[in-house]
J.: 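Shown below is the structure under consideration.
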Amino acid sequence: GQPDTTCHAFAGETVILPCTAISPGEVMLSNSMLYWQIDSVLVHFFHNGQDSLEFQDKHYQGRTSLFLDQMKHGNFSLKLSDVQLPDTAEYACIYKQTGNYPNKTQKSKIKLIVHHLHANFLFFTFSGQSQISSRSPTDAPCLAVLPLSFHLLLTLGVWH
């Protein structure tokens, strides 16, 4: 089927792929499993209240994180840093409740499209950056954080 959300990011950015629990109320993290995956590739795994990354695909090692302080409120969004062109894919966010609790599974699909960074975009980012960065991930799905630095601008030849 179609993805629930489509996100766009530029190479080198940090992007937040949105995923939230459907049912309200506190999530029992000690009795939860959260998978982020692309087909059979494991992007991030959370189990029994903590990250469990021993089977994480090497391509994603050191680049993924969850909002641990917000998970009990149902925010299962994935933060992916230093996004690369090969990260373009359809990601599945799969949440399963385990243990003595009713066994419920929730799945959502998020498509990520990664673009080359263009110098023109930098000027657009300066004007929009202040509103973007002040929002929380739940208000702004697919939040992209562009690491702007003077060095980057010089490298791209924007300023001479």
J.: Rounded at 0.5 Å granularity, tell me how far CG in L29 sits from CG in L66.
T.: 10.0 Å
J.: Show which residues join F45 in its hydrophobic cluster (side-chain heavy-atom contacts under 4.5 Å, direct or indirect), or state none.
T.: M33, Y35, L42, F55, I94
J.: Just verifying a value: how many Å separate H59 NE2 and T64 OG1, rounded to the nearest 0.5 Å?
T.: 11.0 Å
J.: For S52, which residues count as a side chain to side chain donor-acceptor pair (under 3.5 Å) partner, sequence neighbours excluded?
T.: E54
J.: Mind jotting down which residue pairs meet the disulfide bond (SG atoms under 2.5 Å apart) criterion with at least one end in residues 65-95? Sequence neighbours excluded, please.
T.: C19-C93
J.: What residues, two or more places apart in sequence or in another chain, satisfy side-chain contact (heavy atoms from CB on, under 4.5 Å) together with I38?
T.: V41, V43, Y60, A89, Y91
J.: With sequence neighbours left out, what residues match N48 under side chain to side chain donor-acceptor pair (under 3.5 Å)?
T.: none
J.: Passes side chain to side chain contact (heavy atoms under 4.5 Å, CB included), S77 versus L17? Steps please.
T.: CA-CA 5 Å; S77 300; L17 303 179; over 6 Å; no
J.: So V15 and D87, do their side chains get closer than 4.5 Å, heavy atoms only?
T.: no
J.: Backbone N or O of K109 within a donor-acceptor pair of the D4 side chain at under 3.5 Å?
T.: yes
J.: Can you sort out the partners of I113 under side-chain contact (heavy atoms from CB on, under 4.5 Å), two or more places apart, ordered by chain and number?
T.: T6, H8, K111, H115
J.: If the condition is side chain to side chain donor-acceptor pair (under 3.5 Å), which residues does Q84 pass it with, not counting sequence neighbours?
T.: D82
J.: Closest heavy-atom contact between G62 and Q56?
T.: N-OE1, 4.4 Å
J.: Identify the two heavy atoms, one from L85 and one from V114, that lie closest to each other, and give their separation to 0.1 Å.
T.: CD2-O, 3.5 Å
J.: Heavy atoms, side chains only, cut-off 4.5 Å: are L112 and C7 in contact?
T.: yes
J.: Check V83 against A9 and note the closest heavy-atom contact, atom names and distance.
T.: CG1-CB, 4.4 Å
J.: Return the CG to NZ distance between L68 and K72, rounded to the nearest 0.5 Å.
T.: 10.0 Å
J.: Could you measure the distance from the CD1 atom of I16 to the CD atom of E13? Nearest 0.5 Å is fine.
T.: 11.0 Å
J.: How about CG on D69, more than 12 heavy atoms from neighbouring residues, nucleotides or ligands closer than 6.0 Å, or not?
T.: yes
J.: Sequence neighbours excluded, which residues qualify as ring-ring contact (aromatic ring centres under 6.0 Å, His included) partners of Y95?
T.: F76
J.: Does any pair with a residue in residues 28-75 pass disulfide bond (SG atoms under 2.5 Å apart), and if so which ones, sequence neighbours excluded?
T.: none
J.: By side chain to side chain donor-acceptor pair (under 3.5 Å), which residues pair with Q37, not counting sequence neighbours?
T.: none
J.: Suppose we screen for side-chain contact (heavy atoms from CB on, under 4.5 Å). Which residues come up paired with Q2, at least two apart in sequence or across chains?
T.: none
J.: Which residues pass the side-chain contact (heavy atoms from CB on, under 4.5 Å) test with S81, not counting sequence neighbours?
T.: T14, R63
J.: Could you give the distance from CG (L34) to NE2 (H47), rounded to the nearest 0.5 Å?
T.: 11.5 Å
